[in-house]
Each structure stands twice: as C-alpha cells, then as structure tokens.
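Report on one structure; see the data block that follows.
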Amino acid sequence: MSEKSMLSSRLLFYTITVSTLLFIVSSLFFLQRNDSSFTSSLVRKLILPRTDIKNEQTGIKPVSCGVLKVFMYDLPSEFHFGLLNWHKKRSETWPDVKNVSTVPSYPGGLNRQHSVEYWLTLDLLASETPEVKRPCRATRVKSSIEADIVFVPFFSSLSYNRKSKLTGNETTSVDRLLQERLVEFLKSRDEWKRFDGRDHLIVAHHPNSLLYARNSLGSAMFVLSDFGRYPSSIANIEKDIIAPYVHVVKTVSNNESAPFEKRPVLAYFQGAIYRKDGGTIRQELYNLLKDEKDVHFAFGTVRGNGTKQTGKGMASSKFCLNIAGDTPSSNRLFDSIVSHCVPVIISDQIELPFEDTLDYSGFSVFVHSSEAVKKGFLVSLLRGITEDQWKKKWERLKEVVRCFEYRFPSQPGDSVDMIWSAVSHKLSSLRFDVHKKNRYRRSEVFDRSLST
C-alpha cells in the first residue's frame, strides 16, 4: 500500500474516532439539559453503562435493576396502609417489608379479590429492600424525572369497602373525602402537570372505587377489573390495564388436579342468579340448565362454608360457567382457573387480563350470549368437546395458573410481574401520545414571545 493510501486510511480512522467521542459527550450533555423527557430515558439506556449487571467483586446487585422505573408518591398513611389499621412510628411513611411476617395483612373474603394496589405497593417497597428476593421487572426510583411511570398508592378498593358508608354524624363519607384530597394533591403536583397525568398509574379495581375522582383523573392509566361502569372517554383498552381478581378459592396443585374421567360434573355454576343489567342472562341460563343431570347450576354465597364448597365443586367439574353479572367480569373466572376447571366465558363485553400475552382460547371456551340462550345449544357444545380436546385446555390451564396468583414477594410470571409487564407495553403508545401533543408547544411559546 502506498504512503498516500496509508495516510488517507489513518486520517479516516482518526476522524471516525473523534466524531464518535464527540457524539457521546454531546449526548451526555443533552441528557443533563433535557432529563425530563421520555426520550432522554431511552437514550440514557442506549449510551450509559448498564446498572443491572451483578458486581462480580461484591456480589451485590444494584437496587436500580428494574426495566420499568417507577416513582411512587409518599402519600399519608390514611391513603394506604392506614386503612389496614397500620400505625406508623415517628417519621415512617411505609411499613418495613424486610420481614414478611410483619407486613400488614389484607382482609379476607370478598374484600381481598380487589386488593391489586396492595400487592403493587408492596412490590415497589420491596424493590428498595435488597433482603427481599423478587423479579426485577419494576423498581422504585426517588426522582420523578428519571421515572417511566408515576404510581399513586391509594388503596381505592379498600377505601370503598371500608369507608364509603356514613357513620355517626358524618355528612360526607371518608372515602369521598380521601378522593377529593387525592385530586387536589395530584392536580397541584408538577409531576401531574408535566403530561397532564398521562404517565400516572392509578388502581381502581373495585367497580365502584374512585367513583368521585375518576372523571377528574381520567387522563391517567387505570388498573381496572373491567370497563363496565366507565365511559370510554375515561377508561378504555388503549390506555388502561385489566388486572385479574385475587381468587378466593384454594389453588389446586398440579399433582392433585383431577383428570377428565374423575370430574363427574359437566358444567358448574354457583353464585348470584338474579342480576341486573347484562346479568339477566344468568336467569335465562338457569331456567335452561337447572334440570340437566350433569350440570350444577345453583344459588350460592361466600357465607358459611360457601367458598370451600365452590372450590370443591369447581375442582370436580370439567367446565365452569363464567357468565356476565352486574359487570362483564367476576372473580369466578379466576377461581375456575386455579381449580383447573376449563372456563366457559359467556360475557360479550368482557376484557381479559394480559390478553396481549396470553391466548385464552388455549384454555377456555367462548360462547356468544345470543347462542348460549338457545335451548340445548350450550350442553350440546360442551358434550361435543372430546376428552383429548379438553385435556389440551386442562394442561394449558396448569401452565398459566401462575399468571393469576398475587404474591409477596412477587415471583416471575405472577400477577404482579405481569401487571408491570403490561404497563411497560403501554409506554410506547403513551410516549407517542405525549410527543404528538407536544408538537407545537415550543412554537406557541415562541409565538407568544413575538406578540409581546
């Protein structure tokens, strides 16, 4: 190679090296000056060294290992664990979650089925506690500017269940007062004003929770059980997340799960039969199925031994009927899943948890309401499903059960982990929406300055 060619090659190499270094330095400077945007978080991940790699010398994994960075408000205890009769000590804001046995417990029964915000809050607190072993799907950060999402730790379902009724001389319920205070707090925060609350995550799993605040906070991302009592302008599948109920029957282990031939009941339903709104179909199906010998269709409640009886009945049935009630969803679907009873979903307006990840047709049967109420249609359909077809759904049920379990500490693939994953999936459309609305923000400021 000639000296002129070698000189040209070296010059090209030095030019590329210097340009790369200048790009990195300028990018870091850009991050410091513009750290409040969603884009800066993405660029930071591409440019800065990873912090989720275990330190080989110390063996300590940094706390900030989560894919999803979550800023959580330090709300007063009456919004969260104070509703569980937890009393803080001195300057405490949160209970100590290092020892699982000292974590405030959530009340049982039907209260527990809507306890989603409790599990998410515990998981974020655990992300700051190295002693608690959990997945690194999400981690709490102290700076809202650094966060991908802002979590509002209001136990709205528990507040509705415990504080929505007037007592004594009260003229306004405690639940409503808490909601009004929450709206006032959020609307005053720079975090909310930055994107009009679109990057905030609020759990309102009970259909009647957050009743007075939902319209004011409708720009936020909600975690709900369904959309039955929300107008589409406030809650919809594009921006919000559907989370599973916490099941109330005992989970059947894979080893104890009865096979096809040991499930004598073809179809099982036990619960409230006479419902309003879309739930009137329950009464129609009851009249059609009540005399079928291999179908259990009866009224039942959780009182007494009701929950235990329901769990036993589901575990001995091939199919479990999940029929629309006052709202499109109910806890019955998740009770049937953990009982390994193939769900038959008869609810035309239902939205299902994690359906961007899970194909429910692999472990469920869907029937349109209009077909289900035709005489003889439903039992003929179910009796026509062969043992091999049923077994495939049964085997898949046993694989997906973990997705419908809430745990503390959380575990990979459980409900808590899946919810954080669902939040991550929403971020792209959230960023797109924010960036699109910001198109003319700079121009408007510039225009105003010209007019003065």
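All residue numbers in this chain count up from 1 along the given sequence.
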(message) Checking K89 against E92 for the salt bridge (Lys or Arg N to Asp or Glu O under 4.0 Å) test, could you report, in this order, the C-alpha distance in whole Å, the side-chain angles of both residues, the deciding distance, and whether it holds?
(response) CA-CA 5 Å; K89 299 176 182 177; E92 279 185 329; over 6 Å; no
(message) Could you report the tightest heavy-atom contact between H296 and V265, atom names first, then the distance?
(response) N-CG1, 4.0 Å
(message) Under the criterion ring pair (Phe, Tyr, Trp, His ring centres under 6.0 Å), I'd like the reasoning laid out for H114 against Y106: C-alpha separation, chi angles, the key distance, then a yes or no.
(response) CA-CA 10 Å; H114 296 297; Y106 204 91; 9.9 Å; no
(request) Quick one: which residue pairs count as a salt bridge (Lys or Arg N to Asp or Glu O under 4.0 Å) with a foot in residues 369-386, not counting sequence neighbours? (result) E292-R383, D294-R383
(request) Mark yes or no for whether K239, through its side chain, and G218, through its backbone, hold a donor-acceptor pair below 3.5 Å. (result) yes
(request) Check whether any side-chain heavy atom of I419 sits under 4.5 Å from a side-chain heavy atom of Y406, and report yes or no. (result) yes
(message) Would you say that C403 contacts L358 through its side chain, given a criterion of any heavy-atom pair below 4.5 Å between the two side chains?
(response) yes
(message) One thing to verify: whether K398 and E395 come together as a salt bridge, which I'm taking to mean a side-chain N less than 4.0 angstrom from a carboxylate O.
(response) yes
(message) Quick test of your reading of the model: are R402 and E405 salt-bridged, counting only N-O distances below 4.0 Å?
(response) no
(message) Can you confirm whether or not the ring centre of F154 sits under 6.0 Å from the ring centre of H80?
(response) no
(message) Restricting to non-hydrogen atoms, name the atom on R282 and the atom on I273 that form the minimum distance, rounded to 0.1 Å.
(response) CB-O, 3.3 Å
(message) Regarding K391 and E387, does a basic nitrogen lie under 4.0 Å from an acidic carboxylate oxygen?
(response) no
(message) Measuring centre to centre across the rings, with the benzene-like ring taken for any Trp, is F155 within less than 6.0 Å of F81?
(response) yes
(request) Could you tell me if the ring centre of F195 sits under 6.0 Å from that of H200? (result) no
(request) Determine, for E128 against K142, whether the closest basic-nitrogen to carboxylate-oxygen distance falls under 4.0 angstrom. (result) yes
(request) Please report the closest heavy-atom contact between A138 and S127, naming both atoms and the distance. (result) O-CB, 3.9 Å
(message) I want to check something: taking the side chain as every heavy atom from C-beta on, are W394 and R263 in contact at a cut-off of under 4.5 Å?
(response) yes
(request) Please determine if D417 and R137 form a salt bridge, counting it only when a charged side-chain N lies under 4.0 Å from a carboxylate O. (result) yes
(message) Donor-acceptor check, side chain of N287 to backbone of Q283, threshold 3.5 angstrom: yes or no?
(response) yes
(message) If we count only N and O atoms by modelled type, under 3.5 Å, do the side chains of Q270 and Y268 hold a donor and an acceptor together?
(response) yes
(request) May I ask you to check whether over 12 heavy atoms, not counting those of K163, lie within 6.0 Å of atom NZ? (result) no
(request) Could you walk me through whether Y73 and F185 pass the ring pair (Phe, Tyr, Trp, His ring centres under 6.0 Å) test, one step at a time? (result) CA-CA 10 Å; Y73 289 118; F185 169 81; 5.2 Å; yes
(message) Less than 4.0 angstrom from a charged side-chain N to a carboxylate O is my criterion; do E170 and K165 meet it?
(response) no
(request) In plain terms, say whether D74 and R140 are close enough for a salt bridge, that is, a side-chain N and a carboxylate O under 4.0 Å apart. (result) yes
(request) Check the pair T251, V401 against side chain to side chain contact (heavy atoms under 4.5 Å, CB included), reporting the backbone distance first and the verdict last. (result) CA-CA 9 Å; T251 301; V401 163; 4.1 Å; yes
(message) Quick one, F71 and S143 - any side-chain contact, counting heavy atoms below 4.5 Å?
(response) no
(message) Tell me whether the NZ or CZ atom of R214 lies within the 45° cone about the ring axis of F222 and under 6.0 Å from its centre.
(response) no
